[in-house]
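Heads up: the structure comes next, in structure tokens.
The chains referred to below are lettered A, B, ... by the order of the sequence lines, with proteins before strands, and numbering in each begins at 1.
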There are 2 protein chains.
Amino acid sequence: MGVIEKVARRTRQAAEAEAPLPLDQIVMGDCIAAMKALPSKSVDMVFADPPYNLQLGGELFRPDGSHVDAVTDDWDKFDTFAQYDAFTRAWLAEAHRILKDDGTIWVIGSYHNIFRVGTAVQDLGFWILNDIVWRKANPMPNFRGTRFTNAHETLIWASKGEKAKYTFNYRSMKTLNDELQMRSDWEFPICGGNERLKKGGVKVHPTQKPEALLYRILLACTKPGDVVVDPFFGTGTTGAVARRLGRRWIGIERELTYVDAAMERIAAALPLDESALATMQSPRSQPKVAFGVLVENGYLTAGDVLTDAKRRYRVLVRADGSLASECGATGSIHKLGATLQGAPACNGWTFWHIERDGVLAPIDTLRQTYLLATQP
Amino acid sequence: MGVIEKVARRTRQAAEAEAPLPLDQIVMGDCIAAMKALPSKSVDMVFADPPYNLQLGGELFRPDGSHVDAVTDDWDKFDTFAQYDAFTRAWLAEAHRILKDDGTIWVIGSYHNIFRVGTAVQDLGFWILNDIVWRKANPMPNFRGTRFTNAHETLIWASKGEKAKYTFNYRSMKTLNDELQMRSDWEFPICGGNERLKKGGVKVHPTQKPEALLYRILLACTKPGDVVVDPFFGTGTTGAVARRLGRRWIGIERELTYVDAAMERIAAALPLDESALATMQSPRSQPKVAFGVLVENGYLTAGDVLTDAKRRYRVLVRADGSLASECGATGSIHKLGATLQGAPACNGWTFWHIERDGVLAPIDTLRQTYLLATQP
DNA sequence: ACTCTAGATGAATCTCGCT
DNA sequence: CAGCGAGATTCATCTAGAG
């Protein structure tokens, strides 16, 4: 190491010692440059909600003709995967540097970007602890019927390295989950209602995250007084939740509109009210079982014959859980029951029966058997 | 049949005879070499359950210590991930080659490998259609309480390219899910009970996948008779389900123990008969009925009045099956519906209604009636 | 004040076949 | 290959306004 490097190094160390962390503040500017200004090994968590690189095509309309408001912001535009990867690795490298050795990072994304983010996370030496699935209670449907409803997003939780220590408040999570271990799949509604920031009736940010999500993350993986950095601060969900939970925060954001909204929001951050707390509870897995699930799991087999209690109607179970009558009519258990009876509606679970061991039993008993076998 | 056709046909048969697909067979050996022996663009789906690279932590990484040169350490990590990546890209490239242009690939993995797999999938030109989460109803708990219970695995579904066509049986999936769109999060129990293959009380394969998972995948994304290749066949879940559902399969596997177990298992899998195999069809694949045909056949008469459900618009049916509004606008049922609403598009079948016996019903019901009356 | 209904909307890689 | 036209396609939740 030459003299110049030595001097430069000493100067930088001195500068770091002098520069205090901009705690509970928003730093305006590019996230990579802003993180470079923070000292090494100085923060306890990085929570990042980077651009997803959606690559959307043309306009999309709902079946009722209304227009879908897509994410068309410039900050989500990248020309190539290589460009997105370079950006990802640059900000992740800075995140790694500013984290204390026992700090952790959280990143959220969708299938558009999360695989590239995860690969970069591993390549930079982070050690993945869990991937977490946010199951959306109310996702936007797939309006054209071309794919499965995109009903979840993925989060990655990683420590600084394989042997690194990290904070995990196991008891808090177990308590939050009715004395069952917290699983890697979490269900929350998307951000809406009063929580969704609006200005003039228009949403301020296209992708505001629910506070319940950040609440669980900060509660699980930080201690009171810990410092959380959010390099893509947006409208400041991380800051608002951190303040409520007694954590310190640093936000980095380029857009003035978002910064203004975030400042106002965090200043007003009130203790979580009861309705918000209610959404924190992990809902018991839904007792609802679709008829098709029984076919998939072998409780019924395609080809089985169902009848009503008086054996007036006779139908065949098909591979996809639809029923087919001898007269050619087909449909779900409810629809076909209604059609054959000429009724407006029908509860297929109690209407249709299957003969087992000479006894005619409603198919609802099969559902009960399935639930008993799979519910904890 | 003319001479030319006969010759062409014989030549094609000869070509196929030289390199026939090993349908409904297990090919023993390395998956990359075995796929290389298959012709290009010859199969409809690849389902892959590759090694999860779980050994990365113990065997491929050096322990983290201050005495180890940081640069060398990073190099080492990159090198070992590179090995897994090279293997992944090699078999994915072969999968891409053997797939027909309208074929799709499914890959399952966990956080240990799925990010690397997903990145490779994208880099090879595949176009991700969905990522699917398999929520385990009964996952293994995290015994040491150090992380969230790892309660899911991730699947990637991708077409050969952005503009590629693919099979998605939307109606079947909606029926299977009680008339709601099938979401990207699926819940199944892990493979156990009678389904779990055992020999001498010990499980034959450590990661046998549940048949219900493959059942949904094959039902959703293949047609009867389609060919599915599984390059990591294991104990043959893919083959067993494919046989039951009337799909053809090709398994590739190195371990003799697994091959033996798979052969026995698949032989015992009973194919469903044709009527049970039938599924709900999308309207697109049903015979098309032009609106004019209903007029021609007296299901509607020129001069009949149609309105929308709320009776905001009122139009007259004309002899050629076009509609005429009081304001002078005319057009097909779709076009006029769109014009009057000022919408970009409109489904006239569900938009326009006719009053019969005091009840307002969509004209689509007339089409259903016509189809029932005329279909064999 | 409360109920009911109609309308709006959310990180979305969202048609197909013929000319 | 671009353009055009037929016709297929949505779930949970919140808000506003009517009753």
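Checked against salt bridge (Lys or Arg N to Asp or Glu O under 4.0 Å), B:D364 has the following partners two or more places apart in sequence or in another chain: B:R367. When the ring-ring contact (aromatic ring centres under 6.0 Å, His included) test is applied to A:Y52, no partner is found at least two apart in sequence or on another chain. Remark: A:D49 pairs with A:K209 by the salt bridge (Lys or Arg N to Asp or Glu O under 4.0 Å) rule, at least two apart or across chains. Legend: residues meeting salt bridge (Lys or Arg N to Asp or Glu O under 4.0 Å) with A:R116, ordered by chain and number and at least two apart, are A:D85, B:D123. Not counting sequence neighbours, B:Y166 has no partner by the side chain to side chain donor-acceptor pair (under 3.5 Å) test. Not counting sequence neighbours, the partners of A:F61 by the ring-ring contact (aromatic ring centres under 6.0 Å, His included) test are A:H67. Scanning for salt bridge (Lys or Arg N to Asp or Glu O under 4.0 Å) contacts around B:K174 gives an empty result, with sequence neighbours left out.
Looking at B:V317 and B:L323, their side chains come closer than 4.5 Å, going by heavy atoms from C-beta outward.
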Exercise. When you look at B:K335 and B:T330, which way does the side chain to side chain contact (heavy atoms under 4.5 Å, CB included) test go after all the steps?
Worked result: CA-CA 8 Å; B:K335 194 160 191 179; B:T330 61; over 6 Å; no
For this session: Verify side chain to side chain contact (heavy atoms under 4.5 Å, CB included) between A:I252 and A:F233, making sure each step is shown before the conclusion.
Result: CA-CA 5 Å; A:I252 306 172; A:F233 202 56; 5.6 Å; no
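For A:N138 and C:dA8, the CG to P distance is 19 Å, given to the nearest whole Å. C:dT13 atom P lies 15 Å from atom CD of A:E59, rounded to whole Å. The CZ atom of A:F61 sits 15 Å away from the C1' atom of C:dT9 (whole-angstrom rounding). What separates CZ of A:F148 from P of C:dT13 is a distance of 13 Å, to the nearest Å. Distance, B:F126 CZ to C:dT13 C1': 17 Å, rounded to whole Å. Across the protein-nucleic acid pair, A:E153 atom CD and C:dG10 atom P stand 14 Å apart, rounded to whole Å. A:K77 has its NZ atom 16 Å from the P atom of C:dA11, to the nearest Å. Here the P atom of nucleotide C:dT9 and the CZ atom of A:R196 are 12 Å apart, to the nearest Å.
Contact check on A:R62 versus A:D64 returns no salt bridge, with no Lys/Arg side-chain nitrogen under 4.0 Å from an Asp/Glu carboxylate oxygen.
If you check every strand for non-hydrogen atoms under 4.0 Å, A:P50 touches a base. Counting non-hydrogen atoms under 4.0 angstrom, A:S110 reaches nothing in the nucleic acid. Note on B:S332: only backbone sugar-phosphate atoms sit closer than 4.0 angstrom, heavy atoms only; bases stay farther off. Using a 4.0 Å heavy-atom cutoff across all strands shown, A:W134 reaches no nucleic acid atom at all. Residue A:A137 is in sugar-phosphate contact alone, with no base atom involved, counting any heavy-atom pair closer than 4.0 Å across all strands shown. Residue B:R171 is out of contact with every strand shown, counting any heavy-atom pair closer than 4.0 Å. Contacts of B:K163 with the nucleic acid, taken as non-hydrogen atoms under 4.0 Å apart, are absent. Nucleic acid contact class of B:Y170 (heavy atoms, under 4.0 Å, all strands): sugar-phosphate only. Residue contacts shown for A:G192 are absent, as no nucleic acid heavy atom lies under 4.0 Å away. Among the protein residues, A:D49 comes within range of the nucleic acid bases, having at least one heavy atom under 4.0 Å from a base atom.
Taking side-chain N and O atoms only, A:K203 has a distance below 4.0 Å to OP1 or OP2 of C:dG10. For the OP1/OP2 pair of C:dG7 and a distance below 4.0 Å, the side-chain nitrogens and oxygens of B:K310 include at least one atom meeting the criterion.
Between the side chains of B:H152 and A:D131, at least one donor N or O lies within less than 3.5 Å of an accepting N or O.
Using a 4.0 Å cutoff to heavy atoms of chain B, the contacted part of DNA chain D runs 5' to 3' from D:dA6 to D:dA12.
Rounded to the nearest Å, the gap between the C1' atom of C:dG7 and that of D:dT10 is 14 Å. Comparing the P positions of D:dA8 and C:dT13 gives an interatomic distance of 23 Å, to the nearest angstrom. Separation of the C1' atoms belonging to C:dA11 and D:dG7 is 29 Å when rounded to the nearest angstrom.
Closest-nucleotide positions on DNA chain C for B:R312 and A:H205 were compared, and the one nearer the 5' end corresponds to B:R312. Where A:P63 and A:N194 each meet DNA chain D at their nearest nucleotide, the meeting point lying more 5' is that of A:P63. Along DNA chain C, the nucleotide nearest A:D64 and the nucleotide nearest A:Y111 are compared for position; the residue whose nucleotide lies closer to the 5' end is A:D64.
Aromatic ring pairs are classed by plane angle as parallel below 30°, tilted from 30° to 60° and perpendicular above 60°; the pair B:Y313 and B:F351 is tilted.
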Can you give the donor-acceptor pairs under 3.5 Å from side chains of residues 101-109 of chain B to other protein atoms, not counting sequence neighbours?
| from | atom 1 | to | atom 2 | distance (Å) |
| --- | --- | --- | --- | --- |
| B:D101 | OD1 | B:K41 | NZ | 3.4 |
| B:D101 | OD2 | B:K41 | NZ | 3.4 |
| B:T104 | OG1 | B:W157 | NE1 | 3.2 |

Problem set entry | Where protein sits on nucleotides 14-19 of chain C, one letter per nucleotide: B base, S sugar-phosphate only, - none, heavy atoms under 4.0 Å | BBSS--
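Within 3.5 Å, a donor on the side chain of A:K209 pairs with an acceptor on the base of C:dA11, or the reverse.
Scanning residues 333-349 of chain B for heavy-atom distances under 4.0 Å to DNA chain D yields B:H334, B:A345, B:C346, B:N347, B:W349.
Separation of the A:F78 and A:F87 ring centroids falls under the 6.0 Å cut-off. Aromatic rings of A:F148 and B:F168 (six-membered ring for Trp) have centroids within the 6.0 Å cut-off, being under it.
Classification of D:dT9 as anti follows from a glycosidic angle more than 90° from 0.
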Seminar exercise, completed: DNA chain D in dot-bracket form (Watson-Crick or G-U pairs under 3.5 Å, [ ] crossing, | inter-strand) is .|||||....|||||||||
